[in-house]
Amino acid sequence: MPVNLTEVYSKFHRNLREARNNYIEQMNQVGESLGKEWEVCLKSNILHLSAYFSDELRRMAIIEDIRKFFRVDDVIPFAAIDGSCYKLQGDRFMLIYGGAFCIRGELIIKRQGSRIGYKRSPEQDVSYVAFIPLPPEFFGYGSTHPPYTLPISDSDLFESTSMHTRLMQLAEVYAALDLARSRLDPPKLILLDTSLSGLLGNTSFVNYYKSLVGTTIAGRTIELHDIVFTIAHPFERTLGVPPAMNWVPHYRIVAELFWRNDQRISYDELLKSMGEKEVVERGIEALVKMGIASYDEGGRVLELNVNPRDSWDKVQGLLLDFCRTLFEQKEQRALLVRSRSGCSRYLTSRELQFLAGLGLRMLIEECWRKSILLIGVVKDSASMYFFRNYLGSLHVAKSGDPGIHASIPLSDRAVLELLSQLRDELEAPWSTVEFDSAFTTILPQRDGSGWAVRGYRNRRGMEFTRTPRLFLKSLAQFMLKRETGLASHVLFVDRLAYPGWDDRDSSDGFSPARYGSRLGPVQLLLYDASSPPRLQLVSMLLLQLLVRNIFPEAPGYPEPLHKADLGARAFRDRVKMILESAWRMERKNPLVRTFRSFRDRVVRLRGEF
């Protein structure tokens, strides 16, 4: 049947026009709903930051909190970190690059006490880079656990792996950790171009990393208890992290023993600290079942096989030595590890992800120790955590029904950018009030004829969530000029929660158990726009000062993060030329190229189509 291109293009144009009209109609309906919802729910969860920052007394109070939190008088050194990666693959080798670029600077509190200046320190900029040739035949070789090996097909292996992306994540985390651990001039503010809660949540599943058991990395052999104890971190007693709840209750038991610097603890002591009998018994059962603890039924005493502090010290040393070899010494054999049987193999993409998660946990605890403000900024996301999950849960708690929050299919960005056009009282900068990152997995769900607030369920039907009381999320817009119609996109902000600040500023908290959840006695951090968390105001003021709108391609975005992005891209482009130059040597052998690329090249040379 002949193809009528005119008819094809006409149908495509008609479909495009109809889709656009449907979207406009949908946005109009959403706009009407948001207008009604403003007084009901939205107004009390939106922060008019411009009112705080323009008022002299409020601004002075925020700057006093800055001095108190950072423990400084006039200078706040900061670092902004972004990464880049690249992969060049053939049939016999894959050349990968991953790196991070760090922009350094200072925020200076003026003597009059209510103004802060910005100063760049380009001489302190630093990069963390690795580019490595990897032969695919070594992936997974020597593994003694068939369920956890990668696909054996070369094409499946290449297409399924994301080594360059994981290497970039590890470089970003290690860059932040290395700067935070510095004794000479550590930053007091660290900005990362990533979702902190997302990265930690994605590295929180023990079964993903069992292939590491028995693997020797940087001279240290990883055992199952090391993986379990690592994922249980970070620990912060004042914040109640990790909390005592029915999902992964054994993490709290590990934390209790870590705080005691001991391997043994009685049932009665656990019950006193964790509160609920069911949570304690589930935790003990999980540890014994994994074979990393024993329980004396008669004496009612639990004993871990290894002191969790010793394990934590070991894996911290492992990561630091591994990353120094990889990013500072540029050793291409750094990814080559040894299994218990003595066979050599390369780390897989997922195993690199575990190391990035370990680095992030170390970074979090370092930031708590040194009062370093850790913030993640995400440019693009289609998430619905604020409007659907968080506000929907508040609606269920108040009226038993999430209302429009369960039915509007738009992302948070689309909803809030529309809201900024509908409400004239919103002036940049403005943001949502911060909400607990556990709401990324806790949301309104149907429960028979009614509604409940619950976490997602895994394959075994167990309700799960990301660690509560650890990160706080918000969305903010830093540029909005109604007279010209110029507006920036809404940014997604992740901030680490801090003991003595965010726990004190929180109200009684939000308990999912009151509304149908089976997670147990966990209280999520909860705030209101009438009394926002002090560190949110601190964070937003510092971000506002760093949003200078110098680059037309990045309006409303922190300038240091954009410069870090430009630096990372420039580094990637240079490394790309190096990798492609090295690849020219390999192209002399036709078998090095994949079948598809070799075929396409020969066809082009023959001039065939």
Side-chain angles (χ1 to χ4, degrees), residues 26 29-30 33-34 36-37 40-42 44-45 195 197-198 200-202 204-205 207 240 242-249 251 276 278-279 282 381-416 432-475 492 494 506-528:
Q26 182 186 33
Q29 294 174 355
V30 172
S33 300
L34 291 180
K36 300 174 183 177
E37 194 68 13
V40 176
C41 185
L42 284 169
S44 61
N45 285 281
S195 170
S197 59
L200 191 79
N202 291 335
S204 298
F205 300 97
N207 286 338
M245 58 180 178
N246 288 328
W247 172 245
V248 290
Y251 289 173
E276 286 204 3
E278 180 185 5
V279 177
R282 282 182 179 229
S381 173
S383 66
M384 296 185 285
Y385 304 140
F386 173 73
F387 193 77
R388 183 191 63 184
N389 295 18
Y390 171 64
L391 293 184
S393 297
L394 295 187
H395 264 262
V396 171
K398 186 176 181 180
S399 63
D401 192 307
I404 65 170
H405 298 279
S407 59
I408 291 182
L410 297 179
S411 68
D412 286 336
R413 163 171 283 176
V415 168
L416 292 176
T432 67
V433 73
E434 288 182 328
F435 58 97
D436 199 309
S437 65
F439 279 106
T440 58
T441 52
I442 294 176
L443 71 163
Q445 299 179 42
R446 281 285 185 185
D447 185 22
S449 59
W451 288 86
V453 177
R454 286 196 291 246
Y456 289 115
R457 295 185 183 275
N458 60 17
R459 294 177 180 177
R460 294 178 293 172
M462 293 183 62
E463 190 177 346
F464 70 91
T465 183
R466 289 182 178 173
T467 304
R469 309 177 65 84
L470 180 56
F471 289 108
L472 295 167
K473 302 179 77 70
S474 61
L475 297 95
F492 301 80
D494 264 12
S506 176
S507 62
D508 294 335
F510 184 91
S511 175
R514 296 178 186 172
Y515 313 106
S517 172
R518 298 276 300 164
L519 287 172
V522 59
Q523 295 284 334
L524 277 58
L525 296 173
L526 185 66
Y527 306 97
D528 187 270

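The first residue in the sequence is number 1, and the count goes up from there. Not measured: the values here are computed from a predicted model.
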From F435 atom CZ to T440 atom OG1, the distance as rounded to the nearest 0.5 Å: 8.5 Å
Side-chain heavy-atom pair Q445, R457 within 4.5 angstrom cut-off: no
Plane angle bin for F464 and F205 - parallel if under 30°, tilted between 30 and 60°, otherwise perpendicular: perpendicular
Any F387 side-chain heavy atom under 4.5 Å of I404 side chain: yes
Side-chain heavy atoms of D401 within contact of H395, under 4.5 Å: no
Flag for N45-T432: side-chain donor and acceptor within less than 3.5 Å: no
D412 (side chain) donor-acceptor with F386 (main chain) under 3.5 angstrom: yes
Closest non-hydrogen atom pair, I442 against S393: O-OG, 4.1 Å
Any residue meeting salt bridge (charged side-chain N to carboxylate O under 4.0 Å, His left out) with R454, in chain and number order, not counting sequence neighbours: D447
Option passing side-chain hydrogen bond (donor to acceptor under 3.5 Å, both in side chains) with K473 (candidates S383, S437, S197): S197
Close side-chain approach of Y527 to S506, heavy-atom, < 4.5 Å: yes
Counterpart residues, side-chain contact (heavy atoms from CB on, under 4.5 Å), relative to P243 (two or more places apart): M245, T467, P468, V522
Inter- and intrachain pairs under ring pair (Phe, Tyr, Trp, His ring centres under 6.0 Å), touching residues 438-461, at least two apart: Y390-F439, F439-F510
CZ-CG distance between F471 and D494, expressed to the nearest 0.5 angstrom: 7.0 Å
side-chain hydrogen bond (donor to acceptor under 3.5 Å, both in side chains) against R413, all qualifying residues, sequence neighbours excluded: D380
From CG (L416) to CG (L34), nearest 0.5 Å: 8.5 Å
Close side-chain approach of E278 and P249, heavy atoms under 4.5 Å: no
For F492, all residues meeting ring pair (Phe, Tyr, Trp, His ring centres under 6.0 Å), sequence neighbours excluded: none
Atom of Q26, atom of P409 and distance for their closest heavy-atom approach: NE2-CG, 3.2 Å
Least distance between heavy atoms, S517 atom then E463 atom: OG-OE2, 2.7 Å
All salt bridge (charged side-chain N to carboxylate O under 4.0 Å, His left out) counterparts of D528, not counting sequence neighbours: none
Test item: V279 and N246 side chains (from C-beta on) under 4.5 Å apart, heavy atoms: yes
Atom of Q523, atom of G509 and distance for their closest heavy-atom approach: OE1-C, 3.6 Å
Gap between atom CG of L443 and atom CG of L391 - 0.5 Å precision: 12.5 Å
Separation between OG1 of T465 and CG of L524, rounded to the nearest 0.5 Å: 6.5 Å
Heavy-atom closest pair, residues P444 and G392: CG-C, 3.3 Å
Under 3.5 Å: donor-acceptor pair, side chain of S44, backbone of C41: yes
Spacing of L519 atom CG and M462 atom CE [to the nearest 0.5 Å]: 9.5 Å
Where R466 and G201 come nearest, the two heavy atoms and their spacing: NE-CA, 4.0 Å
pair H405-M384: side-chain heavy atoms closer than 4.5 Å: no
